[in-house]
Asks: 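This structure is in structure tokens; I'll ask about it shortly.
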Amino acid sequence: MSFEMMAPIMFGTLIVFLLIGYPVAFSLAAVGMLFSWIGIHYDLLRPELLQALPRQVFDIMRNDTLLAIPFFTFMGLILERSGMAEDMLDTIGQLFGRLRGGLAYAVIFVGALLAATTGVVAASVISMGLISLPIMLRYGYNKQLATGVIAASGTLAQIIPPSLVLIVLADQMGTSVGDMYAGAMVPGLLLCGFYVLYVLLVTLVRPHWAPALPPEARTLRGLALLRRVVFVMIPPLLLIFLVLGTIFLGIATPTEGGAMGAVGALILALINRRLRLDLLRQAMESTLKLSTFVVFILIGARVFRIAFLGVDGDKWVEHLLTSLPGGATGFLIVVNLLVFFLAFFLDFFEIAFILVPLLAPVAQSLGIDLVWFGVILAVNMQTSFMHPPFGFALFYLRSVAPKGIRSSDIYWGAVPFLVIQVLMVGLLIAMPGIVTHFLTHETVTTEDNAAAILEQFQAPAAPEASGTSPDSSPATSGSDESSDLLKQMTGG
């Protein structure tokens, strides 16, 4: 096997492993170890290259940014299982019930609030599926519209801060989580507005698909409704300000904001007399499972990364993408088409940990702002939850939907909202100011930060030794570069 063919064969092997259903963490580690052994066997890589692995694992454990993931996950699970979603859906449903499509508007509004307080797609989709779907069907809503609104609103947790996707993308790109949150806020709100606009158009064209609630179903009116709105809506809004407001104002880091949010969720559950020992245990177990899942993927990704950089995989990807016609615009179009296609088969964790570290240096070399690029990818990866037939949001909704709902109803209901998400990606590419205009910190565009990003993701070229023949063999070149890469990763 030639040195030049190692990188494309290695990347193709990884895709095959993932498509056959092998767990992503073990796929990454297995492919990395396999090609490390092949490279060492054929004298393309130095055996000492794997000495960088322990340092990489400890770097993961020392990463303070990743602490935000268990904090926000725990906060979301406590709020979801303490009944906050049910209270908000009932209250907003009463508020908008007299309008055509009122329940659909309520689902979108509550989906945005849940996204801003939980950041977990599964929690949002399952909660709204259990609570609102039977009510919408009872009052004559079209099955496709009802299921599509619920699934799409649940995926807002992918893009509206404190999204776990944004934390992972910021970590993989080396950007600020606060900047990523600030850049994603307006696109997330625009998506909510487009969802509302779609429901409005449906009510105008086909009013029987989304009827208003009958008078007997609107049990709260006047002062009672106002009191319910105040006591149900004010606490989560205060929690949103506590978490996101302090981050945007620079008072707290995302990790500190997540810790405050977790404490705030416990206090809200305690005030509502819903903080039980079994609820606390379930939330802690689910948080532990998700956090462990992320860490194992990260470790597998580092094993893959060591071997991939050792065989000049980063240079292969950069040459492949920078040679595309159209410069930065051509790069963005091709990358987003690639991510959209891969989202049919891979979830956002797999895409974020495999592709993003390879794409970030290329984007930086083309002068693309990494925060803007990260938000575009986040909106694009949001479609991974909505793709029929593999979208996870569709699976979550299918698991809690009544027997009268067919899988085809869920799939066809998701299609219009999937189109809206794709159009949102195109809008962000055409109008980068939607993201960059609202950034308060310096974005990663300076030469110093570019060098830091490239140093993180790229191995330096092997120095030319005096007396070395210009026709040196690939094995020697690969061995020298792997030695330099080893020094870089181990700090030697």
Side-chain angles (χ1 to χ4, degrees), residues 85-86 88-116 121 124-160 186-214 217-218 229 233 379 382-383 385-388 391 393-394 396-397 400-402 404-406 408-427:
E86 182 176 357
M88 286 197 300
L89 276 169
D90 180 59
T91 303
I92 304 302
Q94 292 286 332
L95 190 62
F96 293 111
R98 66 181 63 198
L99 302 175
R100 287 177 180 171
L103 287 178
Y105 297 141
V107 168
I108 296 171
F109 187 74
V110 173
L113 283 178
L114 287 178
V121 173
S124 300
V125 174
I126 292 174
S127 297
M128 292 189 293
L130 285 171
I131 300 164
S132 62
L133 184 56
I135 298 175
M136 297 173 81
L137 296 178
R138 184 188 312 155
Y139 292 112
Y141 270 67
N142 176 268
K143 295 178 181 179
Q144 295 180 11
L145 176 64
T147 56
V149 165
I150 292 172
S153 301
T155 62
L156 289 172
Q158 286 280 100
I159 188 64
I160 294 181
V186 172
L189 295 178
L190 281 176
L191 270 178
C192 294
F194 290 153
Y195 292 166
V196 169
L197 181 60
Y198 171 72
V199 173
L200 176 61
L201 292 175
V202 169
T203 60
L204 295 177
V205 176
R206 296 180 178 178
H208 60 283
W209 275 27
L213 288 180
R218 302 195 297 269
V229 169
M233 302 306 299
V379 176
Q382 186 182 359
T383 64
F385 280 86
M386 295 287 290
H387 276 316
L394 309 183
Y396 298 145
L397 186 57
V400 298
I405 298 293
R406 298 173 298 177
S408 59
D409 295 326
I410 298 176
Y411 293 158
W412 282 111
V415 169
F417 295 94
L418 184 62
V419 172
I420 292 174
Q421 292 172 353
V422 173
L423 292 176
M424 188 67 203
V425 173
L427 184 63

Asks: Got a sec, which residues hit ring pair (Phe, Tyr, Trp, His ring centres under 6.0 Å) with Tyr198, two or more places apart in sequence or on another chain?
Replies: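 Tyr198 satisfies ring pair (Phe, Tyr, Trp, His ring centres under 6.0 Å) with Phe417 only.
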
Asks: Could you report the tightest heavy-atom contact between Leu137 and Pro402, atom names first, then the distance?
Replies: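 Smallest interatomic distance, heavy atoms only, reads CD1-CG, 4.1 Å.
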
Asks: Under the criterion side chain to side chain donor-acceptor pair (under 3.5 Å), I'd like the reasoning laid out for Gln421 against Thr383: C-alpha separation, chi angles, the key distance, then a yes or no.
Replies: CA-CA 7 Å; Gln421 292 172 353; Thr383 64; 5.2 Å; no

Asks: When rounded to the nearest 0.5 angstrom, what is the spacing between CG in Leu145 and CG in Leu103?
Replies: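 Nearest 0.5 Å value for the CG-CG distance: 10.5 Å.
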
Asks: What pair of heavy atoms forms the shortest contact from Leu133 to Ala146, and how long is it?
Replies: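 Shortest heavy-atom contact: CD1-CB, 3.8 Å.
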
Asks: Listing request: all side-chain hydrogen bond (donor to acceptor under 3.5 Å, both in side chains) pairs with a residue in residues 142-154, at least two apart in sequence or in separate chains.
Replies: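 Sorted pair list comes back empty.
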
Asks: Is the shortest side-chain heavy-atom distance between Val196 and Phe109 below 4.5 Å?
Replies: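 Answer no - side chains too far apart.
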
Asks: Between atom CD of Gln158 and atom CG of Leu191, what is the distance when rounded to the nearest 0.5 Å?
Replies: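 Between atom CD of Gln158 and atom CG of Leu191 there are 11.5 Å.
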
Asks: Could you check if a side-chain atom of Gln382 sits within less than 4.5 angstrom of a side-chain atom of Leu156, using non-hydrogen atoms only?
Replies: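 Yes; the side chains approach each other to less than 4.5 Å.
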
Asks: What is the minimum heavy-atom distance between Leu204 and Pro207, and which atoms define it?
Replies: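 Closest approach of Leu204 to Pro207, heavy atoms only: O-CD, 4.1 Å.
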
Asks: May I ask you to check whether over 12 heavy atoms, not counting those of Tyr141, lie within 6.0 Å of atom OH?
Replies: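 Counting neighbours around OH of Tyr141, more than 12 heavy atoms of other residues, nucleotides or ligands fall under 6.0 Å, so yes.
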
Asks: Would a 4.5 Å heavy-atom cut-off, applied to side chains only, mark Pro211 and Arg100 as touching?
Replies: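 Sidechains of Arg100 and Pro211: no contact.
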
Asks: If every non-hydrogen atom of Ile108 is compared with every non-hydrogen atom of Cys192, which pair is closest and at what distance?
Replies: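 Result for this residue pair: CG2-O, 4.0 Å.
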
Asks: Of the non-hydrogen atoms in Gly188 and Ile160, which two are nearest, and what is the gap between them?
Replies: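 So the two residues come closest at CA-CG1, 3.9 Å.
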
Asks: For a 4.5 angstrom cut-off between non-hydrogen side-chain atoms, does Met424 reach Ile159?
Replies: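 The answer is no, as the side chains (C-beta and beyond) never meet within the 4.5 Å cut-off.
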
Asks: Can you measure from CG (Leu423) to CG (Leu190) and round to the nearest 0.5 angstrom?
Replies: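 The CG atom of Leu190 is 12.5 Å from CG of Leu423, to the nearest 0.5 Å.
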
Asks: Taking atom CG of Leu99 and atom OG1 of Thr203, what is their separation to the nearest 0.5 Å?
Replies: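 Reported value, rounded in 0.5 Å steps: 9.0 Å.
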
Asks: What are the two closest heavy atoms between Gly413 and Pro416, and how far apart are they?
Replies: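 Looking at all heavy atoms of both residues, the shortest contact is O-CD, 3.4 Å.
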
Asks: First locate atom CG of Leu394, then atom CD1 of Ile150, and finally report the distance between them rounded to the nearest 0.5 Å.
Replies: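 Reported to 0.5 Å precision, the distance equals 12.0 Å.
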
Asks: Take Leu197 and Ile420 through the test side-chain contact (heavy atoms from CB on, under 4.5 Å) and record every step on the way to the result.
Replies: CA-CA 11 Å; Leu197 181 60; Ile420 292 174; over 6 Å; no

